[in-house]
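Take a look at the structure below.
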Amino acid sequence: LTLDERNAHLHFRLGEVYARMKQYDGAAREFGEAVRLNPLLPAAYMEMGRLHLLRREPGKAIDAWEKALRLDPSNVSLRRELEELYARVS
């Protein structure tokens with residue numbers, strides 16, 4: 001079995017697996033690689049934002065979620081989460 005290391009979706013899915021296993025460094029690495037390969041992948045920015053929250057980095061979470069929302073402006077649940085985060089940090 002060979003894997004295409006240039007596949008952004010593959011890296012995104014690996015990031016999800018790492019996150020579920022609470023291996024947040026691995027998850028961050030894979031989500032980062034996903035957006036490097038495909039900077040138009042809003043789900044990867046969303047998950048990166050969640051990781052930043054777990055690491056108590058709300059500013060970085062806001063940055064990631066703002067990028068995701070610019071790519072997917074119709075995402076109502078993300079917009080709501082971002083508004084709640086704004087309220088918590090202000």
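Given the structure is predicted, the values throughout are model-derived calculations rather than measurements. Positions are given from 1 along the sequence.
- Between L85 and I62 the shortest heavy-atom distance is CD2-CG1, 3.4 Å.
- Hydrophobic clustering keeps M46 apart from Y24 (ILVMFWY residues linked when any side-chain heavy atoms are closer than 4.5 Å, directly or through intermediates).
- Across every non-hydrogen atom of P42 and A68, the tightest pair is O-CB, 3.5 Å.
- Grouping the Ile, Leu, Val, Met, Phe, Trp and Tyr side chains by contacts below 4.5 angstrom, directly or via other members, places W65 with V89.
- The existence of a salt bridge linking E83 and R80 is excluded, since no basic side-chain nitrogen approaches an acidic carboxylate oxygen closer than 4.0 Å.
- When every heavy atom of A19 is checked against every heavy atom of A27, the shortest pair comes out as N-CB, 3.7 Å.
- Applying the side-chain hydrogen bond (donor to acceptor under 3.5 Å, both in side chains) criterion to R55, with sequence neighbours excluded, gives D25.
- With values rounded to the nearest 0.5 angstrom, E47 atom CD is found 11.5 Å from H52 atom NE2.
- Shown here for P58 and L53, the closest heavy-atom pair between the two residues is CA-CD2, 4.4 Å.
- No side-chain donor-acceptor contact under 3.5 Å links E33 and H11.
- Rounded to the nearest 0.5 Å, atoms CG (L54) and NZ (K22) are 8.5 Å apart.
- Residue L40 holds its CG atom at 7.5 Å from OH of Y45, rounded to the nearest 0.5 Å.
- Residue N75 holds its CG atom at 8.5 Å from CD of E81, rounded to the nearest 0.5 Å.
- In this structure, the side chain of R6 does not engage the main chain of L37 through any donor-acceptor pair within 3.5 Å.
- In this structure, the side chains of R79 and P73 come closer than 4.5 Å at one or more pairs of heavy atoms.
- In the hydrophobic clustering of ILVMFWY residues, with side-chain heavy atoms under 4.5 Å counting as a link, L71 and F12 come out together.
- To the nearest 0.5 Å, atom CD of residue E30 and atom CG of residue L10 are 7.5 Å apart.
- Atom CD of E57 sits about 10.5 Å away from atom CE of M48, to the nearest 0.5 Å.
- Residues L69 and L82 have side chains in contact (heavy-atom distance under 4.5 Å, counting atoms from C-beta outward).
- Around CZ of R88, the count of heavy atoms belonging to other residues, nucleotides or ligands within 6.0 Å exceeds 12.
- Shown here for V35 and A44, the closest heavy-atom pair between the two residues is CG1-CB, 3.4 Å.
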